[in-house]
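This report concerns only the one structure given below.
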Protein chains: 2
Amino acid sequence: VLRHRPYERTPKAAMDRAAAALGRAFGPSKLLVGVEACAAFGGDESLQPDVPPDAVVLAEDEDDVARALAVAAEGEVPITPRGAGTGKTGGAIPVAGGIVLATTGLRSIVEIDREELVAVVEPGVVLADFQAAVEAEGLFYGPDPNSLATCAIGGNLAENAGGPRAFKYGVTRDWVRGLEVVTIGGARLSTGRRTAKGVTGYDVTALLVGSEGTLAVTTRATLRLVAKPPAVATLLALFDDVRGAGRAVSAIIAAGLVPRCLELFDAPTLAAVRAKGVAVDARAGAMLLLEVDGDPVGCELAMERTGAVCADAGAIDVLAAQDAAQRDRLWDARRMLSHATRAMARFKVSEDVVVPRAKIPDLLADVDRIAEATRVRMLTYGHAGDGNLHVNLLWDDADDEPRVADALERLFRAVIALRGTLSGEHGIGLAKAEFLPLEQSDELIDLQRRLKAVFDPKGLLNPHKIFPRRTHGPC
Amino acid sequence: VLRHRPYERTPKAAMDRAAAALGRAFGPSKLLVGVEACAAFGGDESLQPDVPPDAVVLAEDEDDVARALAVAAEGEVPITPRGAGTGKTGGAIPVAGGIVLATTGLRSIVEIDREELVAVVEPGVVLADFQAAVEAEGLFYGPDPNSLATCAIGGNLAENAGGPRAFKYGVTRDWVRGLEVVTIGGARLSTGRRTAKGVTGYDVTALLVGSEGTLAVTTRATLRLVAKPPAVATLLALFDDVRGAGRAVSAIIAAGLVPRCLELFDAPTLAAVRAKGVAVDARAGAMLLLEVDGDPVGCELAMERTGAVCADAGAIDVLAAQDAAQRDRLWDARRMLSHATRAMARFKVSEDVVVPRAKIPDLLADVDRIAEATRVRMLTYGHAGDGNLHVNLLWDDADDEPRVADALERLFRAVIALRGTLSGEHGIGLAKAEFLPLEQSDELIDLQRRLKAVFDPKGLLNPHKIFPRRTHGPC
């Protein structure tokens, strides 16, 4: 269950016909053909094995997207949309070969409307570029996944990306007002609205966000903005252990405080941070990285109150970042965790499970038990305010994978037993498709398959994702 | 187009069989049969004519809901879910007769979890009762439609209800984590999650919220809560005219202020308020009612800044409510508007159009032009922060209705031309179904009909709502 078993590739004859049709539709600057030429478009940031597609369309506008989706439908070959390839669950891997439709060439920030607090963007815009553009206007866009320097907004929409600031500001879906998408076959659809409110018809926009590229391909998104908070302050709170940190999280919530970030580091994670040369008090067995924002007066006040609550909850020490440089260092330490932990072993899986936030200590105790029982190295950090934790499983020997798979299944079962959910921000993709029935009933899974069929009756758009493998019938 | 033309009623033979099946499933305390007995269950707060159903099931639990939906499917008769009947667009009217499934008997607040900031409620809970219960725990639930003293949460979910506080706190969908629903035929489905985040599968929960009872019947909702803001302050700002008030709204947004309410009253609405004995400065031709909240220091600060921005934007006067009693009087004046305006004429339609907020002065100019051209009395108030305005059309003579219908269509066309939407909080129901194609493409409407068919292939659940009437084929 750690790596997907190979799927049947698109039959050569059908793919040859489709490639010929692509050749008529696109010049060579927009088209790659053959698995060698396409090799760079077969993987993502997950553990899933790469599968090179047979052809790649490098779309530059909506017409290109529509043409590619028309060729795929006409030729009945699979087509898999792709953003920056930073996904963690194999969502962008073209497991049945066929066409990859890269949308990174649609990279215009079409509009930033300061008065309406709305932006219109294309899917290939890199998140950090978009944030810089809106912040230059004194505005703010909430979602901040760890990969923000490289990930594309199209992928954020597909996976409903979150990030540390989600505790206060919500996830991508909370910022999407409307979408322009193209469905398999090439039909264009405009969903949602530009205005703050709108209840005209079903919320097709919300259905599309987080659908992992299985329902339609986004060509434009209308996003909500807010005013940029004038002040931000960052705090570190050190604790003996994760139980103390968990108590502080509960106390912060109980006090009615809403820091924008509330990040937890467990003991093995702190060791990884120290190993990267960041000085952290040796007594600390757990840490919270907190960030508050607002107007300068409110922010100052919130920082003081948050620090006091942490101290009351038993923090060994509470430290405020003294300036922007120190803040950046703290966040660099947080952001490098994903890569630092990858460097700690030959193989890594990073999960993004969610439990009710008061259950974080229980989950961490479960993680300890599972690590011991399966002898798999595990370390945990993440968005404690949301109960959304990145549990990382590390191993060096491919022969250990049955034990890792066992640990993973135990982790998911523990999460569900705590009334949690399998994924807070990475999506299901390929990596967790077989675990979906742990959380969702057969009826709900079947309903979702039928919703997919409304958009994509032949199952050509990003096939084999989200839902468990079927022994027969369409994906 | 003002009132729906009658739909074909359920054939008597089919209904007799279904009534007999209901008689076997439910005792007399839960079942009403015959149009006389059921007359009170045929209407809502819209202008749409009542249509009494043939039978009413007064459900008390999920089993009752499932049994009623099984009988409807088995007998192929329409079934229309009903909450408190406070809807504004005919959503709860059983236009084809058949069964009404009243969920007001499911009225338990199952759980309020202070630590997780989550509540679980049944659909028959009255919103004000729920708010009182969560506020007694120091918590807060955002949505506050005008009908909060009587409306049921089930109806709020069906219509994705908003209210004045939506400017800061969002609408019902923003507060729903998960749902338990029953589909036609009686199958139970649990969607969504209890945790803060979750991206497992498609967002079926978001699709269900706002689906106007056409996809499934809610039996439980898991709702998000936040800490109750410790301080609230209310301000009135008076202006010469609506252009001045519009300028102030834009200036408040530009200053990065986020009052929780930002309500606009135009000149005819102020006249209605004065006629009810509320003293408002005679010079004022428009008014903003503003509310800010937060911690006491931040709230005080926000009130001062908001008042200053209004003054700079040319307010004649800015008044702060001095105490809770004065605040309540101001809000009473706002809440009575719906009834006060109804008393001003024999007939009233209250629309809930939305435009980009900077376009409010343009919309109000359009309203003036339309009122003059069609000789229909119109008055406007509502949620200026969201650009969501209640445009009220008033008339006394039924013979005037062709002119009113003309005015309504002109209004909707003006709203769409300003890049707005037909409905911000009332839904489409029967009242606006024929106007849907003004806003949405045929392709999007067709897609939504097919999404409905996934849940309800025979079109038995709340038929003839949202989508334009078809001359043939299923609704």
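Chain naming here is simple, since letters A, B, ... match the order of the sequence lines and numbering starts at 1 in each. No experiment lies behind these values; they were computed from the predicted model shown.
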Check your understanding: Is the closest side-chain donor-acceptor distance between A:Asn156 and A:Thr172 under 3.5 Å?
Key ->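 There is no such pair (donor and acceptor under 3.5 Å, judged by atom type) between the side chains of A:Asn156 and A:Thr172.
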
Check your understanding: Going by distance alone, is a donor N or O of one side chain under 3.5 Å from an acceptor N or O of the other, for A:Thr421 and B:Thr195?
Key ->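 No, no side-chain donor-acceptor contact under 3.5 Å.
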
I'd like to know if [X] pairs up with [Y] as an ion pair, taking the criterion as any Lys NZ or Arg NE/NH1/NH2 lying under 4.0 Å from an Asp or Glu carboxylate oxygen.
{"X": "B:Glu212", "Y": "B:Lys465", "result": "no"}
{"X": "A:Arg194", "Y": "A:Glu111", "result": "yes"}
{"X": "A:Glu425", "Y": "B:Lys197", "result": "yes"}
{"X": "B:Glu351", "Y": "B:Lys432", "result": "yes"}
{"X": "A:Lys168", "Y": "A:Asp293", "result": "yes"}

Between [options], which residue shows the highest count of heavy-atom pairs closer than 4.5 Å to chain A?
{"options": "B:Thr191, B:Asp174, B:Thr183, B:Leu117", "result": "B:Leu117"}
{"options": "B:Ala166, B:Gly162, B:Gly387, B:Gly201", "result": "B:Gly201"}
{"options": "B:Ile466, B:Leu422, B:Leu444", "result": "B:Leu444"}
{"options": "B:Ala358, B:Ala206, B:Pro230, B:Ala254", "result": "B:Ala358"}
{"options": "B:Asp295, B:Val226, B:Leu215, B:Leu436", "result": "B:Leu215"}
{"options": "B:Gly424, B:Pro229, B:Gly198, B:Ala196", "result": "B:Gly424"}

Side chain from CB out, backbone as N, CA, C, O: work out which of these in [X] comes under 4.5 Å of a heavy atom of chain A, or both, or neither.
{"X": "B:Thr205", "value": "neither"}
{"X": "B:Val171", "value": "side chain"}
{"X": "B:Asp386", "value": "both"}
{"X": "B:Gln440", "value": "side chain"}
{"X": "B:His383", "value": "side chain"}
{"X": "B:Glu443", "value": "both"}
{"X": "B:Val454", "value": "both"}
{"X": "B:Leu208", "value": "neither"}

Exercise for review: Please confirm whether B:Phe455 and A:Tyr202 have ring centers closer than 6.0 angstrom.
Suggested key: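 Judged by ring-centre distance (under 6.0 Å), B:Phe455 and A:Tyr202 do not meet the cut-off.
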
Region of [X] in contact with chain B, defined by heavy-atom distances below 4.5 Å:
{"X": "A:Leu139", "result": "neither"}
{"X": "A:Asn160", "result": "both"}
{"X": "A:Ile253", "result": "side chain"}
{"X": "A:Val354", "result": "both"}
{"X": "A:Val353", "result": "neither"}

Exercise for review: Walk me through it: do B:Val176 and B:Arg224 pass the test side-chain contact (heavy atoms from CB on, under 4.5 Å)?
Suggested key: CA-CA 6 Å; B:Val176 184; B:Arg224 177 173 80 87; over 6 Å; no

Practice item. Return the orientation label for the B:Trp175 and B:Tyr169 ring planes: parallel under 30°, perpendicular over 60°, tilted otherwise. Key: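 The arrangement is tilted - the two ring planes meet at 30° to 60°.
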
**Study point:** B:Phe467 side, atom CZ; B:Gln448 side, atom CD - distance, nearest 0.5 Å
**Key:**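 B:Phe467 atom CZ to B:Gln448 atom CD measures 4.5 Å (nearest 0.5 Å).
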
Exercise for review: Report the distance from atom CD of B:Glu135 to atom CG of B:Leu225, rounding to the nearest 0.5 Å.
Suggested key: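 One finds 10.5 Å between CD of B:Glu135 and CG of B:Leu225.
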
Review point. Which is it for B:Lys88 and B:Asp352 under the salt bridge (Lys or Arg N to Asp or Glu O under 4.0 Å) test, yes or no, and what are the steps along the way?
Key: CA-CA 10 Å; B:Lys88 300 271 197 184; B:Asp352 64 319; over 6 Å; no

So which residue, [options], ends up with the most heavy-atom pairs under 4.5 Å with chain B?
{"options": "A:Ser211, A:Ser441, A:Gly298", "result": "A:Ser211"}
{"options": "A:Arg114, A:Lys228, A:Glu115", "result": "A:Glu115"}
{"options": "A:Leu257, A:Val204, A:Leu447, A:Leu301", "result": "A:Leu447"}
{"options": "A:Ala453, A:Pro356, A:Ala302, A:Gly427", "result": "A:Pro356"}

Exercise for review: Please assess B:Val258 against B:Phe167 for the test side-chain contact (heavy atoms from CB on, under 4.5 Å), listing each intermediate value before the final yes or no.
Suggested key: CA-CA 8 Å; B:Val258 188; B:Phe167 179 58; 4.2 Å; yes

